[in-house]
Amino acid sequence: LNLTQCHYQTIAVCWNTESTKPKKLHNIHVGIAVYRMESRLDHLYRSILLTKFFTRGWGHPDHLQKIIKLRKLVGSRKTAPQEYLINQDKNITITKEETQDDAILLTGHFPTPVMNYLPDMCPPEIQQAHFQAVLPRYPPPGPRPLVLQFAGTGDHFFWRRRNLMALPMVREKKVASIILENPFYGVRKPKDQLRSSLHHVSDLFLMGACLIMESQVLLKWAQKEGFGPLCCHGISMGGHMASLAATAWPLPIGLVPCLSWTSASVTFCQGVMSKAINWKLLEEQFNKTKEFKTDIWDLVDSPEFDSEKRYLGNHSITMNQQSLSTSFPLLSNLPLPAMRKPHIDPNPEALHFMRGLMDECTHLGNYSLPMDTELVELVVAEYDAYQPRQGVVPLHQLWPGCRTRTIEEGHIRSYLLKQHVFRTAIYDVLERMVDKYPHQGL
């Protein structure tokens with residue numbers, strides 16, 4: 001019997017002690033929890049990375065309030081701002097055109113629409129959205145499918161998505177792509193930011209707001225240029241950003257999020273990424289700043305909380321509970337995820353606040369459903385330690401009709417070895433769109 005790399009919701013029974021993946025995997029039921037094994041490689045890879053997240057804390061309370069209020073508007077297609085889309089295509093500037101093999105590359109930029117709503121939060125570097133279109137040199141007859149690609153964590157500039165996904169899709173199926181640079185990444189990275197280390201929790205939410213609005217501009221531009229069907233795609237964090245973008249589009253759209261799930265709360269509070277956070281700093285700021293416990297907490301709405309904002313997750317917990325401050329009474333009876341050793345256990349209140357913020361701004365239950373969930377194909381890794389799928393409402397329950405394909409690997413091996421699976425999922429979705437909407441030019 002070998003119990004290896006167990007998540008707090010993850011235990012595996014392995015009869016082969018030399019393999020990182022059991023030849024025979026048995027689910028153990030403990031109460032109502034189901035436990036599975038995680039990838040050792042995911043844990044090892046994260047342990048050798050130097051990148052840390054939220055190195056300067058939560059962000060200014062005023063900024064958090066503003067981004068949450070904007071999120072509540074953007075989360076519904078009925079209330080989302082639309083005025084920024086009027087004549088926005090006229091602001092798109094193509095700065096370079098070149099030919100590479102069977103593709104034409106167009107590089108361009110346009111002002112990020114978020115400047116209309118949160119100008120004081122946008123560093124100068126992120127105020128222009130940068131993109132590269134990778135188009136078939138010899139377009140196919142009939143539909144002209146196009147995929148809008150979003151960046152995963154650490155995916156700076158265009159070259160990686162261009163070489164691993166966009167150019168192969170041009171060669172294999174003559175599928176075009178638009179590759180959008182993340183705010184805080186590549187040419188949009190602030191000068192004082194180290195690698196992918198976002199300074200504040202609020203920066204992640206600002207990134208999401210920018211990408212949602214910028215994606216609508218690019219999708220509308222692609223549609224005007226005669227491309228369709230349209231599909232959003234990304235891997236890891238990029239998959240989640242693609243999902244957010246698809247919820248805002250007012251027409252049926254393909255969506256292929258890979259190695260992502262319902263909310264970033266499980267990523268940063270339960271997955272291996274939780275070890276890349278300075279929880280001590282977050283705890284200190286949380287205790288010193290009363291607005292976090294009052295004004296901001298009052299705005300937080302998580303589909304995973306009950307009416308008193310207590311976490312509803314029904315999972316076994318191994319972390320020792322600490323007594324909760326009477327100054328934050330809503331956190332009583334809070335079940336806590338176990339954090340792997342060696343690691344400093346986060347303060348329960350700071351952890352719960354993080355979960356609430358992440359769910360408020362990233363939980364797909366807080367956004368409109370994609371217009372046609374049958375055009376959604378989820379690609380998940382069975383042993384993913386970066387993106388746990390426990391402790392949160394399953395995405396297929398939020399989006400009835402979506403499909404799921406599973407890779408029998410962890411997060412890192414899936415990314416390195418299974419790009420062809422991601423492309424196949426995209427092709428299948430595009431074919432379904434053509435069959436279901438043959439005359440609508442989506």
Side-chain angles (χ1 to χ4, degrees), residues 51-72 74-75 114 117-123 126 153 182-185 189-190 192-211 237 240 244 263-271 273-302 304-305 309 311 322 324-325 327-331 334 336-337 339 343-363 366:
T51 304
K52 303 297 181 182
F53 292 91
F54 319 134
T55 53
R56 298 183 185 176
W58 301 102
H60 195 283
D62 184 56
H63 288 176
L64 280 170
Q65 287 190 61
K66 288 179 178 179
I67 196 69
I68 290 174
K69 290 177 180 178
L70 179 62
R71 202 290 308 162
K72 292 181 183 297
V74 173
V114 171
Y117 308 96
L118 302 172
D120 58 327
M121 288 185 61
C122 297
I126 79 167
T153 302
N182 271 8
F184 300 99
Y185 278 24
K189 185 175 75 69
D192 62 344
Q193 178 182 302
L194 180 64
R195 295 187 293 272
S196 308
S197 301
L198 298 182
H199 290 156
H200 305 105
V201 174
S202 59
D203 292 341
L204 181 66
F205 305 149
L206 179 60
M207 178 192 290
C210 288
L211 291 173
M237 180 179 72
H240 198 81
L244 295 176
S263 172
S265 63
V266 288
T267 310
F268 289 105
C269 295
Q270 297 170 204
M273 297 281 277
S274 64
K275 294 189 289 185
I277 296 174
N278 186 342
W279 289 102
K280 186 66 175 177
L281 173 64
L282 293 178
E283 176 187 348
E284 291 173 356
Q285 292 185 358
F286 179 81
N287 289 329
K288 291 179 180 178
T289 310
K290 65 177 182 179
E291 289 87 351
F292 291 149
K293 301 180 182 183
T294 54
D295 299 342
I296 295 172
W297 187 245
D298 289 344
L299 293 172
V300 167
D301 178 21
S302 167
E304 306 296 334
F305 290 173
K309 297 191 178 181
Y311 176 47
Q322 300 180 28
L324 299 178
S325 170
S327 64
F328 206 6
L330 293 180
L331 301 188
L334 137 76
L336 300 173
M339 311 300 289
H343 186 63
I344 298 175
D345 287 342
N347 171 268
E349 292 182 333
L351 181 66
H352 193 55
F353 186 62
M354 173 70 86
R355 173 145 205 156
L357 284 180
M358 288 290 172
D359 279 348
E360 164 62 44
C361 292
T362 72
H363 197 296
N366 277 343

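Numbers here are sequence positions counted from 1.
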[atom2] on [Y] to [atom1] on [X], rounded to 0.5 Å:
X    : Y    : atom1 : atom2 : result
C361 : I68  : SG    : CD1   : 5.0 Å
T267 : F53  : OG1   : CZ    : 10.5 Å
F268 : L357 : CZ    : CG    : 12.5 Å
E283 : F353 : CD    : CZ    : 13.5 Å
S202 : R56  : OG    : CZ    : 11.5 Å

Does the side chain of [Y] come within less than 4.5 Å of [X]'s, by heavy atoms?
X    : Y    : result
L64  : F205 : yes
M237 : M207 : yes
D295 : P61  : no
N287 : E349 : yes
F54  : M354 : yes
E360 : L299 : no
N347 : W279 : no

Of the non-hydrogen atoms in [X] and [Y], which two are nearest, and what is the gap between them?
X    : Y    : value
V114 : C122 : CG1-SG, 3.9 Å
G59  : F292 : O-CZ, 3.8 Å
S263 : T362 : OG-OG1, 3.4 Å

Under a 3.5 Å distance rule, please check whether [X] uses its side chain to pair with a backbone N or O of [Y] as donor and acceptor.
X    : Y    : answer
N182 : Y185 : no
H352 : K309 : yes
D203 : L198 : no
S196 : T153 : no
W58  : L282 : yes
S265 : M358 : no
T289 : F286 : no
D359 : E304 : no
R355 : C269 : no

Salt bridge (Lys or Arg N to Asp or Glu O under 4.0 Å) partners of K66, counting only residues at least two apart: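 With neighbours one apart ignored, the set is D62, D120.
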
With salt bridge (Lys or Arg N to Asp or Glu O under 4.0 Å) as the criterion, how do K293 and D298 come out once you've worked through the C-alpha distance, each side chain's angles and the decisive distance to 0.1 Å? CA-CA 8 Å; K293 301 180 182 183; D298 289 344; over 6 Å; no

For P183, which of L204, L206, L211 qualifies under side-chain contact (heavy atoms from CB on, under 4.5 Å)? L211

Does a side-chain N-to-carboxylate-O contact under 4.0 Å join R71 and D301? no

Verify whether one side chain among H199 and Q193 offers a donor that lies under 3.5 Å from an acceptor in the other. no

